[in-house]
Student: 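Here it is, the structure, as structure tokens.
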Amino acid sequence: MQHSELGESGVEVSEVGFGAWTVGTDWWGDRSEDDAIEMLQYAVEQGITYFDTGDVYGHGHSEELVGQALAEVRDEVTIATKVGYDFYNNPQAGHGELPKEMDPEYLREAVEKSLDRLEMDSVDVLQLHNADVDEITPDVLELFDELEEEGKIDATGLALGPSIGWLAEGDLAIEEEFDSVQLVWNVLEQEVGNHFLETIERTGSSTSLIPRVPHSSGILNEQVTPETELEEGDHRGFRPDEWYETGWEKLEKLRFLERDGERTMGQASIAWLLSHEPVATVTPTFRTKADIDEWAAASDVPKLSDEEMDRVAELYENDFDIDRDDGMDALRSSVDGEDIESAGLDKLAAD
């Protein structure tokens, strides 16, 4: 396992991280607490040292499990959490998005509660969770500075989502030299990642990028096939059928990235992201130990050649020569699509 630094924070992360949204929730299939703890500890055994959770996952339960599972190796791992959703005063309704609260007083209290659940005095990386651009105020930035000075956090980040827009927010975080920006980015969904690469180059920012959903909800690791029927409650069900139908066709055109016995498609999807210099770590959605075995090794598989990278870029530019709608022609945006339009993306803002 290779390691990188988040921004210029001095915080080190494994190139493959563990997105702990899969533990403490049932959005990717239910599992017992013992199973969740076993998976987290198994990930450490396979070289993973970066663990990314959030206070809203299971309404604090994911943080509790992460803290319990990693207590004995706390000095060997990097732990990130997120704050910004007010689940304390609002019930969860299915997979719906909860109201956000970015008031500095609330955020400070949320951080303290997260530390209590993690059973830690400090957290390595603190991320704002899906903050709108107008919510990242000077007072919020000042709070981050205060928490660093107090030794409660070592690095700052912004986690973008729940869909793949939010360009204005990421640009602001990069310009403000946040240590990390987390985003949805993969071979099939490149617009936002490519935009932030340009922003980093233009500004000279040291901000690191943390891609999640590297397998595009199961297509690129072939866990979702034309025959797959997603279980009730599976979070991936939000994708329209058209997305998967076109995705299977695109996958076949990416087979050249596989190398028999050396690099699987699932590993190649991660290696492609790691080929971009600002990417510090990639957080796939681990559901089984077999996932961990395969994808943790992606840091050490043969790197993609320049020719392979160019071929991927050409395929994407030509929409893989597929002339039909994939059902995903809307990118979520917090500024009514103005950021997407100004970036020149051929997409519409979601209602």
Student: Side chains of L65 and E33: closer than 4.5 Å at any heavy-atom pair?
Tutor: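 Yes, side chains in contact.
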Student: Classify the ring geometry of H129 against Y85: parallel below 30°, tilted from 30° to 60°, perpendicular beyond 60°.
Tutor: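 If you compare the ring of H129 with that of Y85, the planes turn out perpendicular.
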Student: Looking at K289, is its backbone amide N or carbonyl O close enough to the side chain of Y42 to form a donor-acceptor pair, meaning the two atoms are under 3.5 Å apart?
Tutor: no
Student: Mind listing the closest non-hydrogen atom pair of G161 and R212 along with its distance?
Tutor: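 That closest heavy-atom pairing would be CA-NH2, 3.6 Å.
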Student: Is a side-chain N or O of T49 found less than 3.5 angstrom from the main chain of V77, in a donor-acceptor match?
Tutor: no
Student: Give the C-alpha distance, both sets of side-chain angles, the deciding distance and a yes or no for side chain to side chain contact (heavy atoms under 4.5 Å, CB included) between D293 and Q46.
Tutor: CA-CA 7 Å; D293 287 336; Q46 303 310 306; 3.8 Å; yes
Student: Taking E189's backbone N and O only, do any of them form a donor-acceptor pair with N186's side chain (distance below 3.5 Å, no angle check)?
Tutor: yes
Student: If you take all heavy atoms of L273 and P214, which pair is closest and at what distance?
Tutor: CD1-CB, 3.5 Å
Student: Could you see if L172 belongs to whatever hydrophobic cluster contains L6? Use Ile, Leu, Val, Met, Phe, Trp, Tyr and a side-chain cutoff under 4.5 Å.
Tutor: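 Different hydrophobic clusters.
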Student: Are I48 and I210 linked, directly or through other ILVMFWY residues, by side chains that come within less than 4.5 angstrom of each other?
Tutor: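 No; I210 is not reachable from I48 via cluster members.
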Student: Identify whether the distance between the nearest side-chain nitrogen and carboxylate oxygen of K152 and E112 falls below 4.0 Å.
Tutor: yes
Student: Atom CD of residue position E245 - does it have more than 12 heavy atoms of other residues, nucleotides or ligands inside 6.0 Å?
Tutor: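 Yes, enclosed.
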Student: Do NZ/NE/NH1/NH2 and the carboxylate oxygens of D124 and R74 come within less than 4.0 Å?
Tutor: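 Answer for the salt bridge query: yes.
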Student: Applying the 4.5 Å side-chain criterion to the ILVMFWY set and letting contacts propagate, would V73 and Y50 be lumped into a single cluster?
Tutor: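 No: no chain of side-chain contacts under 4.5 Å links V73 to Y50.
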Student: With a 4.5 Å heavy-atom cut-off, do K82 and D52 have their side chains touching?
Tutor: yes
Student: Go through it in stages, so that I can follow the logic: the residues are E258 and R255, the test is salt bridge (charged side-chain N to carboxylate O under 4.0 Å, His left out), and I'd like the CA-CA distance, side-chain angles, deciding distance and then a yes or no.
Tutor: CA-CA 6 Å; E258 295 177 304; R255 291 290 184 191; 3.3 Å; yes
Student: Can you name the nearest heavy-atom pair linking T81 to E63, along with the distance?
Tutor: OG1-OE2, 2.6 Å
Student: For residues A298 and V301, report the shortest heavy-atom separation together with the two atoms involved.
Tutor: O-CG2, 3.3 Å
Student: If you measure from CG on D319 to CZ on R324, what distance do you get to the nearest 0.5 Å?
Tutor: 10.5 Å
Student: Does E101 form a salt bridge (charged side-chain N to carboxylate O under 4.0 Å, His left out) with R108? I'd like the steps, not just the answer.
Tutor: CA-CA 11 Å; E101 178 55 78; R108 175 176 282 279; over 6 Å; no
Student: If you look at every heavy atom in H3 and G47, which pair is closest and at what distance?
Tutor: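 Looks like NE2-O, 4.4 Å.
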Student: Of all heavy-atom pairs between G67 and M120, which one has the smallest distance, and what is that distance?
Tutor: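 The pair with the smallest heavy-atom distance is CA-CE, 4.3 Å.
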Student: Kindly write out the residues that satisfy ring pair (Phe, Tyr, Trp, His ring centres under 6.0 Å) with H215, not counting sequence neighbours, or none if the list is empty.
Tutor: W295
Student: Cation over ring, K113 on Y88, under 6.0 Å and within 45°?
Tutor: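 Here K113 passes the 6.0 Å and 45° test against Y88.
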Student: Looking at D121, I'd like to know if its CG atom is crowded, meaning that more than 12 non-hydrogen atoms belonging to other residues, nucleotides or ligands lie closer than 6.0 Å.
Tutor: no
Student: Do any N or O atoms from the side chain of S9 and from the backbone of D179 form a donor-acceptor pair under 3.5 angstrom?
Tutor: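 Not at all, since once roles are kept as given, no pair shorter than 3.5 Å links the two residues.
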Student: Are any side-chain N or O atoms of N194 and backbone N or O atoms of E191, one a donor and one an acceptor, separated by less than 3.5 Å?
Tutor: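 No; zero donor-acceptor contacts below 3.5 Å.
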Student: Please check: side-chain N/O of D86 versus main-chain N/O of K100, any donor-acceptor pairing under 3.5 Å?
Tutor: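 Between the backbone of K100 and the side chain of D86 there is no qualifying donor-acceptor contact (under 3.5 Å).
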Student: State yes or no: do I219 and V282 share one hydrophobic cluster built from I, L, V, M, F, W and Y residues joined by side-chain heavy-atom distances below 4.5 Å, directly or via other members?
Tutor: yes
Student: Going by side chain to side chain donor-acceptor pair (under 3.5 Å), name the pairs with one or both residues in residues 269-283, residues two or more places apart or in two chains.
Tutor: none
Student: Does Q2 offer a backbone N or O that forms a donor-acceptor pair with the side chain of S299 under 3.5 Å?
Tutor: yes
Student: Ion pair present between R263 and E294, side-chain N to carboxylate O less than 4.0 angstrom?
Tutor: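 A salt bridge is absent here (no side-chain N lies under 4.0 Å from a carboxylate O).
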Student: Check whether F320 forms a cation-pi arrangement with K253 (NZ or CZ under 6.0 Å from the six-membered ring centre, at most 45° off the ring normal).
Tutor: no
Student: Where do V125 and I153 land on the side chain to side chain contact (heavy atoms under 4.5 Å, CB included) test, with the steps shown first?
Tutor: CA-CA 6 Å; V125 188; I153 65 174; over 6 Å; no
